[in-house]
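Side chains are part of it too, since the values below use all heavy atoms of this structure and drop only hydrogens, waters and symmetry mates. For the single chain, residues carry numbers from 1 onward in sequence order.
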Amino acid sequence: METLTSPLTHEADAFHKVAIEPFWDGILRLLKAERDACGREMLDGGVEQVLNNRHSAIRWEAPLLRVNDAQPPRRTALAGQGMTLVPSLFAPHPILIDDSVGWRELPILVYNIVPEAEPTASLWQGQEGESVLPALIGRTRADVLGALRETRSTGQVADRLHISSPSASKHLTILRRAGFVTTERRQNLAVHSLTPLGEAILG
(Lines give C-alpha, C1' and ligand atoms only; values in the text may rest on other atoms or scores of the structure.)
Protein backbone atom coordinates (compact mmCIF):
# COMPACT_ATOMS: atom_id res chain seq x y z
CA MET A 1 0.00 0.00 0.00
CA GLU A 2 1.40 3.38 -1.04
CA THR A 3 1.21 6.45 1.16
CA LEU A 4 1.02 9.92 -0.36
CA THR A 5 2.95 12.46 1.66
CA SER A 6 3.58 16.19 1.45
CA PRO A 7 4.96 18.76 3.89
CA LEU A 8 2.40 19.60 6.59
CA THR A 9 1.68 23.00 8.01
CA HIS A 10 2.24 23.39 11.74
CA GLU A 11 -1.50 23.17 12.36
CA ALA A 12 -1.90 20.09 10.15
CA ASP A 13 1.06 18.42 11.81
CA ALA A 14 -0.40 19.08 15.26
CA PHE A 15 -3.76 17.68 14.13
CA HIS A 16 -2.05 14.59 12.69
CA LYS A 17 -0.31 13.88 16.00
CA VAL A 18 -3.60 14.04 17.92
CA ALA A 19 -6.19 12.73 15.44
CA ILE A 20 -4.33 10.25 13.22
CA GLU A 21 -1.06 9.00 14.68
CA PRO A 22 -2.47 7.29 17.81
CA PHE A 23 -4.99 5.36 15.71
CA TRP A 24 -2.89 4.68 12.61
CA ASP A 25 -2.47 0.93 13.12
CA GLY A 26 -6.24 0.42 13.23
CA ILE A 27 -6.83 2.78 10.30
CA LEU A 28 -4.22 0.95 8.26
CA ARG A 29 -5.87 -2.42 8.99
CA LEU A 30 -9.20 -1.15 7.64
CA LEU A 31 -7.56 0.32 4.54
CA LYS A 32 -5.68 -2.91 3.88
CA ALA A 33 -8.93 -4.85 4.22
CA GLU A 34 -10.46 -2.57 1.57
CA ARG A 35 -7.43 -3.15 -0.69
CA ASP A 36 -7.80 -6.92 -0.29
CA ALA A 37 -11.52 -6.67 -1.10
CA CYS A 38 -10.66 -4.82 -4.31
CA GLY A 39 -8.24 -7.60 -5.26
CA ARG A 40 -10.87 -10.31 -4.73
CA GLU A 41 -13.46 -8.39 -6.71
CA MET A 42 -10.99 -7.85 -9.55
CA LEU A 43 -10.52 -11.62 -9.80
CA ASP A 44 -14.26 -12.28 -9.60
CA GLY A 45 -15.71 -9.60 -11.85
CA GLY A 46 -12.91 -7.47 -13.28
CA VAL A 47 -12.49 -3.72 -13.16
CA GLU A 48 -16.20 -3.11 -13.73
CA GLN A 49 -17.12 -4.84 -10.47
CA VAL A 50 -14.35 -3.07 -8.55
CA LEU A 51 -15.37 0.40 -9.70
CA ASN A 52 -19.11 -0.10 -9.36
CA ASN A 53 -18.82 -1.48 -5.81
CA ARG A 54 -16.67 1.26 -4.31
CA HIS A 55 -19.15 4.09 -3.77
CA SER A 56 -22.65 5.04 -4.88
CA ALA A 57 -21.28 8.23 -6.48
CA ILE A 58 -18.85 6.25 -8.68
CA ARG A 59 -20.23 4.47 -11.74
CA TRP A 60 -18.36 2.72 -14.55
CA GLU A 61 -20.29 2.99 -17.82
CA ALA A 62 -17.74 1.84 -20.37
CA PRO A 63 -15.85 3.68 -21.67
CA LEU A 64 -16.70 6.39 -19.11
CA LEU A 65 -16.12 6.50 -15.36
CA ARG A 66 -18.62 8.93 -13.85
CA VAL A 67 -17.83 10.49 -10.48
CA ASN A 68 -20.53 12.62 -8.86
CA ASP A 69 -18.72 14.84 -6.37
CA ALA A 70 -18.63 18.42 -5.18
CA GLN A 71 -16.18 19.50 -7.90
CA PRO A 72 -17.19 21.43 -11.05
CA PRO A 73 -18.05 19.13 -14.02
CA ARG A 74 -15.03 18.25 -16.14
CA ARG A 75 -13.58 15.45 -18.26
CA THR A 76 -10.30 13.69 -17.60
CA ALA A 77 -8.82 11.66 -20.45
CA LEU A 78 -7.00 8.62 -19.08
CA ALA A 79 -5.69 7.62 -22.53
CA GLY A 80 -4.96 4.11 -21.31
CA GLN A 81 -2.63 5.27 -18.54
CA GLY A 82 -4.80 4.02 -15.68
CA MET A 83 -5.84 5.51 -12.36
CA THR A 84 -4.89 5.04 -8.72
CA LEU A 85 -7.74 4.20 -6.32
CA VAL A 86 -7.24 5.49 -2.76
CA PRO A 87 -9.71 4.52 0.00
CA SER A 88 -10.16 6.99 2.82
CA LEU A 89 -11.93 7.07 6.19
CA PHE A 90 -11.96 10.87 6.18
CA ALA A 91 -12.97 12.03 2.69
CA PRO A 92 -16.55 13.38 2.85
CA HIS A 93 -17.15 12.33 -0.78
CA PRO A 94 -15.15 10.98 -3.76
CA ILE A 95 -12.37 13.34 -4.88
CA LEU A 96 -10.65 13.22 -8.27
CA ILE A 97 -7.06 14.50 -8.25
CA ASP A 98 -5.79 15.15 -11.77
CA ASP A 99 -4.02 17.77 -13.88
CA SER A 100 -6.90 20.21 -13.35
CA VAL A 101 -5.65 20.66 -9.76
CA GLY A 102 -1.98 20.65 -10.71
CA TRP A 103 -1.32 16.91 -10.22
CA ARG A 104 1.14 15.63 -12.86
CA GLU A 105 1.18 11.90 -12.12
CA LEU A 106 -1.48 9.22 -12.69
CA PRO A 107 -4.94 10.54 -11.78
CA ILE A 108 -6.02 9.58 -8.26
CA LEU A 109 -9.58 8.78 -7.25
CA VAL A 110 -10.04 9.12 -3.48
CA TYR A 111 -13.24 7.52 -2.23
CA ASN A 112 -14.67 7.34 1.27
CA ILE A 113 -15.29 3.94 2.79
CA VAL A 114 -17.75 3.15 5.59
CA PRO A 115 -16.72 -0.14 7.24
CA GLU A 116 -18.86 -2.05 9.71
CA ALA A 117 -19.73 0.13 12.70
CA GLU A 118 -18.09 -2.08 15.35
CA PRO A 119 -14.51 -2.15 13.97
CA THR A 120 -14.75 1.52 13.00
CA ALA A 121 -15.90 2.60 16.45
CA SER A 122 -13.07 0.61 18.05
CA LEU A 123 -10.58 2.90 16.28
CA TRP A 124 -11.47 5.73 18.62
CA GLN A 125 -11.23 3.83 21.90
CA GLY A 126 -8.41 4.23 24.37
CA GLN A 127 -6.36 1.39 25.80
CA GLU A 128 -8.91 0.69 28.53
CA GLY A 129 -11.82 1.00 26.13
CA GLU A 130 -12.79 4.55 27.13
CA SER A 131 -13.85 6.92 24.39
CA VAL A 132 -11.13 9.31 23.28
CA LEU A 133 -13.53 11.30 21.11
CA PRO A 134 -13.68 14.30 23.51
CA ALA A 135 -9.88 14.52 23.52
CA LEU A 136 -9.86 14.15 19.75
CA ILE A 137 -12.37 16.84 18.77
CA GLY A 138 -13.17 18.59 22.05
CA ARG A 139 -15.83 17.92 24.69
CA THR A 140 -18.42 20.33 23.29
CA ARG A 141 -18.11 19.05 19.71
CA ALA A 142 -18.33 15.47 20.99
CA ASP A 143 -21.50 16.46 22.83
CA VAL A 144 -22.87 18.10 19.67
CA LEU A 145 -22.26 14.86 17.76
CA GLY A 146 -23.99 12.90 20.50
CA ALA A 147 -26.99 15.25 20.36
CA LEU A 148 -27.35 14.40 16.66
CA ARG A 149 -28.16 10.76 17.30
CA GLU A 150 -31.55 12.28 16.54
CA THR A 151 -31.92 14.84 13.74
CA ARG A 152 -32.08 18.34 15.27
CA SER A 153 -32.05 21.98 14.25
CA THR A 154 -29.29 24.34 15.36
CA GLY A 155 -31.56 25.79 18.06
CA GLN A 156 -32.50 22.35 19.35
CA VAL A 157 -28.83 21.38 19.64
CA ALA A 158 -28.11 24.63 21.50
CA ASP A 159 -31.04 24.10 23.88
CA ARG A 160 -30.10 20.48 24.58
CA LEU A 161 -26.49 21.36 25.43
CA HIS A 162 -27.25 24.68 27.12
CA ILE A 163 -24.99 26.64 24.79
CA SER A 164 -25.72 29.66 22.59
CA SER A 165 -27.05 29.22 19.05
CA PRO A 166 -23.98 30.95 17.51
CA SER A 167 -21.71 28.54 19.42
CA ALA A 168 -23.76 25.54 18.28
CA SER A 169 -23.69 26.81 14.69
CA LYS A 170 -19.88 27.21 14.81
CA HIS A 171 -19.34 23.67 16.10
CA LEU A 172 -21.79 22.23 13.57
CA THR A 173 -20.00 23.99 10.71
CA ILE A 174 -16.67 22.48 11.74
CA LEU A 175 -18.20 19.00 12.14
CA ARG A 176 -19.85 19.31 8.73
CA ARG A 177 -16.55 20.26 7.08
CA ALA A 178 -14.96 17.22 8.74
CA GLY A 179 -17.59 14.98 7.16
CA PHE A 180 -19.32 14.00 10.43
CA VAL A 181 -22.53 15.98 9.91
CA THR A 182 -24.83 16.77 7.02
CA THR A 183 -27.16 19.79 6.93
CA GLU A 184 -30.31 20.51 4.96
CA ARG A 185 -32.77 23.38 4.89
CA ARG A 186 -36.32 22.74 6.05
CA GLN A 187 -38.34 25.89 5.54
CA ASN A 188 -36.38 28.48 7.52
CA LEU A 189 -34.45 26.00 9.68
CA ALA A 190 -31.04 24.35 9.25
CA VAL A 191 -31.53 20.72 10.25
CA HIS A 192 -28.54 18.50 11.02
CA SER A 193 -27.99 14.73 10.93
CA LEU A 194 -25.02 12.41 11.37
CA THR A 195 -23.26 11.09 8.30
CA PRO A 196 -22.26 7.38 8.27
CA LEU A 197 -18.79 8.49 9.40
CA GLY A 198 -20.31 10.52 12.22
CA GLU A 199 -22.37 7.52 13.34
CA ALA A 200 -19.33 5.27 13.19
CA ILE A 201 -17.10 7.57 15.20
CA LEU A 202 -19.73 7.77 17.94
CA GLY A 203 -19.96 3.98 18.07
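A donor-acceptor distance shorter than 3.5 angstrom exists from the side chain of Trp103 to the backbone of Leu106, with no hydrogens or angles considered. A donor-acceptor pair under 3.5 Å is formed between the side chain of Thr195 and the backbone N or O of Gly179. Under a 3.5 Å cut-off, the side chain of Arg35 and the backbone N or O of Leu31 do not form any donor-acceptor pair. Using modelled atom types, one side-chain atom of Thr173 and one backbone atom of Ser169 make a donor-acceptor pair closer than 3.5 Å.
Taking the side chain as every heavy atom from C-beta outward, Leu85 and Val50 approach each other to under 4.5 Å. At a threshold of 4.5 Å between non-hydrogen side-chain atoms, the residues Ile58 and Leu109 count as touching. Put simply, the side chain of Leu96 reaches to within 4.5 Å of the side chain of Met83, judged on heavy atoms. You'll find the side chain of Ile95 stays beyond 4.5 Å of the side chain of Val86, heavy atoms only.
Scanning both residues, Val110 and Ser88, for their nearest heavy atoms gives CG1-CB, 3.8 Å. Scanning both residues, Ala178 and Leu197, for their nearest heavy atoms gives O-CD2, 4.4 Å. For the pair Thr140 and Leu161, the tightest heavy-atom approach, listed with the atom from each and the gap, is O-CD1, 4.5 Å. Between Ala91 and Asn112, the closest heavy-atom pair is O-CB, 2.9 Å.
Here CZ of Arg160 is found 10.0 Å from CG of Asp143. Values are rounded to the nearest 0.5 Å. Atom-to-atom distance recorded for His171:NE2 and Ser167:OG is 3.5 Å, nearest 0.5 angstrom. One finds the OH atom of Tyr111 at 10.5 Å from the NE2 atom of His55 (value rounded to the nearest 0.5 Å). One finds the OG1 atom of Thr84 at 10.0 Å from the CD1 atom of Ile97 (value rounded to the nearest 0.5 Å). A distance of 5.0 Å separates CD1 in Ile113 from CD in Glu34, rounded to the nearest 0.5 Å. Here the straight-line distance linking atom CD1 of Ile174 with atom CZ of Arg141 works out to 3.5 Å at 0.5 Å rounding.
Members clustered with Leu189: Val191, by chain and number, using a 4.5 Å side-chain heavy-atom cutoff among hydrophobic residues. Cluster note: Leu64 groups with no other residue, as no ILVMFWY side-chain heavy atom lies under 4.5 Å from it.
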Problem set entry | Worked check of salt bridge (Lys or Arg N to Asp or Glu O under 4.0 Å) between Asp36 and Arg40 | CA-CA 6 Å; Asp36 293 344; Arg40 291 191 297 271; 5.2 Å; no
For this session: Please report the C-alpha distance between Ile27 and Phe90 in whole Å, then the side-chain angles of each, then the deciding distance to 0.1 Å, and finally whether the side-chain contact (heavy atoms from CB on, under 4.5 Å) criterion is met.
Result: CA-CA 10 Å; Ile27 292 171; Phe90 301 100; 4.0 Å; yes
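When the salt bridge (Lys or Arg N to Asp or Glu O under 4.0 Å) test is applied to Arg186, the partners found at least two apart in sequence or on another chain are Glu184. Among residues two or more places apart in sequence or in another chain, the side-chain contact (heavy atoms from CB on, under 4.5 Å) test is passed with Glu48 by Asn52, Trp60. In this structure Arg66 satisfies the salt bridge (Lys or Arg N to Asp or Glu O under 4.0 Å) test together with Glu61, sequence neighbours excluded.
Within a 6.0 Å sphere centred on CZ of Arg177, heavy atoms belonging to other residues, nucleotides or ligands number 12 at most.
Using a 3.5 Å distance cut-off with no hydrogens or angles, the side chains of Gln49 and Asp44 do not pair a donor with an acceptor.
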Quiz: residues 151-159 side-chain donor-acceptor pairs under 3.5 angstrom, not counting sequence neighbours:
residue, atom, partner, partner atom, Å
Thr151, OG1, Ser193, OG, 2.9
Arg152, NE, Ala147, O, 2.5
Ser153, OG, Gln156, N, 3.2
Ser153, OG, Gln156, OE1, 3.4
Thr154, OG1, His192, NE2, 2.7
Gln156, OE1, Ser153, N, 2.9

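Cluster annotation: Leu145 is connected to Ile163 through the hydrophobic network of ILVMFWY side chains, with a link wherever side-chain heavy atoms come within less than 4.5 Å.
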